[in-house]
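For reference, the structure discussed in these notes is given below.
Naming: A, B, ... by sequence-line order, numbering from 1 per chain. Keep in mind that what you see is a predicted model, and the values were worked out from it rather than measured.
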Number of protein chains: 2
Amino acid sequence: MPAPPEKKPSRIQIRNRRKIMDAALDVFSQHGFRGATLDQIAEAAGMSKPNLIYYFDGKEAIHVALLNALMTEWLDPLREMDAQGDPLQEILAYVRRKMEMSRQFPRESRLFAIEIIQGAPRMLPHLESDLKPLFDEKCALIAGWMEAGKLAPQDPQQLVMSIWALTQHFADFDTQVRVLVPDEVAGWDAANAHVETIFKAILTPKG
Amino acid sequence: MPAPPEKKPSRIQIRNRRKIMDAALDVFSQHGFRGATLDQIAEAAGMSKPNLIYYFDGKEAIHVALLNALMTEWLDPLREMDAQGDPLQEILAYVRRKMEMSRQFPRESRLFAIEIIQGAPRMLPHLESDLKPLFDEKCALIAGWMEAGKLAPQDPQQLVMSIWALTQHFADFDTQVRVLVPDEVAGWDAANAHVETIFKAILTPKG
DNA sequence: CGTGTTTTTTACCATTTGGTAAAGCCACGA
DNA sequence: TCGTGGCTTTACCAAATGGTAAAAAACACG
């Protein structure tokens, strides 16, 4: 079996796997799993199709590897939300980190979005095992803050999902945003400001 | 050429075109254009593949027909926003209509989302010609309301896009929502309430 | 340099896929 | 009853696609 060696990956292996993952991210995030072809990925990676198969067990393995890597990084901003910090600032900082990720990693955002929209056929287990516990933990934290009067009371689950909805929108619907708000830089600043305004408005506890 | 007749479509034609469009909506909204196959659509429509081609010129024609039909209906809620009505109530009513559409027509929402995420290859012209003018018109209307002191001042473009982001999220990311908030009914009610809270909070002018 | 290992390519293959040709079916009017 | 015209199916096809086999090339290292 020409599967990649289990032990120390060589420098070439590391480099080429990276190249493949990056190319696959391009292609999968633009066409989804079924719509993407190995030839497209191979060309984007600058190597031959059988060479992909040398490094990964197949199309699906590449996709799964991408999703696995993504799931970890993608949740980091939420993990950083600190129970010790100031509640309002913690949440606003989280919002800012998510907005920053949307701007810097739109491909990752879209890969994730397409996978979810299509029913998460390859990621449901990850959602249950990785996302759900973290989500519940942070919702509990936020609920605690609200009970302590540090934040305006509301449904923490809906709050977190609202953050996701708003922050990811600018990456996922970039094409539409660009048609409606042609000035990219101005649009981005305005989006940042608006999103911040929203969460300040609904989170600031009423004196 | 076996193209569908240009004149009066028969009852059978109407019925079958509907069936095809409905089946295609299922398949395209789940796999995207490239990931969908004519066989899938044919099976979902309960007819043979060549029969699809009898009614539509090909895969792309079906997709385009779907997007055309969608673009019209999809913008109706925004068109209904009335310059004569009470500003805050008009916007809240629009938000409610969009939420309702997300719940009732999740396939349409996903079809649209996938198309946009993938760069809108078949819809950019529509965005420019249909969406943009309406968007600009309604933004101007909202801006007027703000200047008149009827709404808290803010970027109208960002406001409208925020409405889209929040309302569509529940249709598009349904899979994720269901993992995190298993109780569908409760989740939906909470979402409605939360979204309404958000827009009341940021739109109510400060006395 | 020589030899064993890793990496890459060329040449294929079976299946899937969008689409076509042509014959069959079926309702309906003369 | 027989056509006639719209509708549907069966039988295909060429291209694309995921993947394999095996040889060639590049490399590591004594």
Side-chain angles (χ1 to χ4, degrees), chain A residues 1-67 118 121-122, chain B residues 1-67 118 121-122:
Chain A
M1 201 187 294
E6 311 288 342
K7 289 263 173 175
K8 296 197 179 189
S10 71
R11 239 158 280 119
I12 292 180
Q13 271 177 14
I14 291 175
R15 177 175 51 84
N16 279 353
R17 287 213 194 179
R18 256 204 251 288
K19 259 169 64 173
I20 292 172
M21 300 263 290
D22 190 71
L25 181 56
D26 267 355
V27 178
F28 281 134
S29 69
Q30 204 166 81
H31 300 288
F33 179 73
R34 292 217 48 197
T37 74
L38 285 180
D39 295 279
Q40 286 176 297
I41 299 174
E43 197 194 332
M47 64 182 74
S48 65
K49 184 168 59 174
N51 218 5
L52 296 190
I53 307 299
Y54 176 76
Y55 286 106
F56 289 90
D57 275 349
K59 188 184 177 184
E60 182 142 354
I62 301 177
H63 196 238
V64 168
L66 262 184
L67 291 178
Q118 299 186 345
R122 276 160 259 277
Chain B
M1 201 187 292
E6 312 287 344
K7 288 263 172 172
K8 296 197 180 189
S10 71
R11 242 158 277 117
I12 293 180
Q13 271 177 15
I14 291 175
R15 177 175 52 84
N16 279 352
R17 286 211 194 182
R18 257 203 249 288
K19 260 168 67 173
I20 293 172
M21 300 263 290
D22 190 70
L25 181 56
D26 267 356
V27 178
F28 282 135
S29 69
Q30 203 165 77
H31 300 289
F33 179 74
R34 290 218 49 197
T37 73
L38 285 181
D39 294 279
Q40 286 175 298
I41 298 173
E43 196 194 333
M47 64 182 75
S48 65
K49 184 168 59 173
N51 217 5
L52 295 191
I53 309 297
Y54 176 76
Y55 287 105
F56 290 90
D57 276 348
K59 188 184 178 185
E60 182 143 353
I62 301 177
H63 196 238
V64 168
L66 262 183
L67 291 178
Q118 298 186 345
R122 276 160 258 279

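Residues B:Gln13 and B:Tyr55 come closest through the heavy atom pair CG-CE2, 3.6 Å. When all heavy atoms of A:Phe56 and A:Ala65 are compared, the pair lying nearest together is CE2-CB, 3.9 Å.
Between A:Asn16 and C:dT6 there is no side-chain polar atom (N or O) within less than 4.0 angstrom of OP1 or OP2. Within the structure, a side-chain polar atom (N or O) of A:Tyr54 is placed less than 4.0 Å from OP1 or OP2 of C:dT7. When the side-chain nitrogen and oxygen atoms of A:Tyr55 are compared with OP1 and OP2 of C:dT8, one or more of them lie within a distance under 4.0 Å. When the side-chain nitrogen and oxygen atoms of B:Gln13 are compared with OP1 and OP2 of D:dC7, one or more of them lie within a distance under 4.0 Å. B:Asn51 has a side-chain polar atom (N or O) that falls below the 4.0 Å cut-off from OP1 or OP2 of D:dT9. For the pair A:Ser48 and C:dT8, the criterion of a side-chain N or O lying under 4.0 Å from OP1 or OP2 is not met.
Contact annotation: the side chain of A:Lys59 approaches that of A:Phe28 to within less than 4.5 Å [non-hydrogen atoms, C-beta and beyond]. Within the 4.5 Å cutoff, the side chain of B:Asn16 has no heavy atoms near those of the B:Tyr54 side chain. Taking the side chain as every heavy atom from C-beta outward, B:Leu38 and B:Ile53 approach each other to under 4.5 Å.
Atom CD of A:Gln40 and atom P of D:dT17 are 7 Å apart (whole Å). Following rounding to the nearest Å, B:Leu38 (CG) and C:dT15 (P) show an atom-to-atom distance of 21 Å. The nearest whole Å value for the distance from the CZ atom in B:Phe56 to the C1' atom in C:dG18 is 16 Å. Nucleotide D:dT17 holds its C1' atom 12 Å from the CZ atom of A:Phe33, rounded to whole Å. For the pair A:Asp57 CG and D:dG18 C1', the interatomic distance rounds to 13 Å; values are reported in whole Å. Whole-Å rounding puts the B:Ile14 CD1 to D:dG6 P distance at 16 Å. Rounded to whole angstrom, the span from the CZ atom of A:Arg17 across to the C1' atom of C:dT8 amounts to 16 Å. Rounded to an integer number of Å, the gap from CD of A:Glu43 to C1' of C:dT8 is 17 Å.
Among the heavy atoms of the strands, none lies under 4.0 Å from A:Ala42. At a threshold of 4.0 angstrom between heavy atoms, the contacts of A:Ala61 with the nucleic acid are absent.
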Got a list of side-chain donor-acceptor pairs under 3.5 Å for residues 40-50 of chain B, not counting sequence neighbours?
{"residue": "B:Gln40", "atom": "OE1", "partner": "A:Arg34", "partner atom": "NH1", "Å": "3.4"}
{"residue": "B:Gln40", "atom": "OE1", "partner": "B:Thr37", "partner atom": "N", "Å": "3.0"}
{"residue": "B:Gln40", "atom": "OE1", "partner": "B:Thr37", "partner atom": "OG1", "Å": "3.3"}
{"residue": "B:Gln40", "atom": "NE2", "partner": "B:His31", "partner atom": "NE2", "Å": "3.4"}

Contact string for nucleotides 11-16 of chain D, one letter per nucleotide 5' to 3', B = base within protein heavy-atom range under 4.0 Å, S = sugar-phosphate only, - = neither, reads B-----
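With DNA chain D read from its 5' end, the first of the two nearest nucleotides for A:Lys59 and B:Met47 is the one closest to B:Met47.
Classified by interplanar angle (parallel below 30°, tilted 30° to 60°, perpendicular above 60°), the ring pair A:Phe33/A:His63 is tilted.
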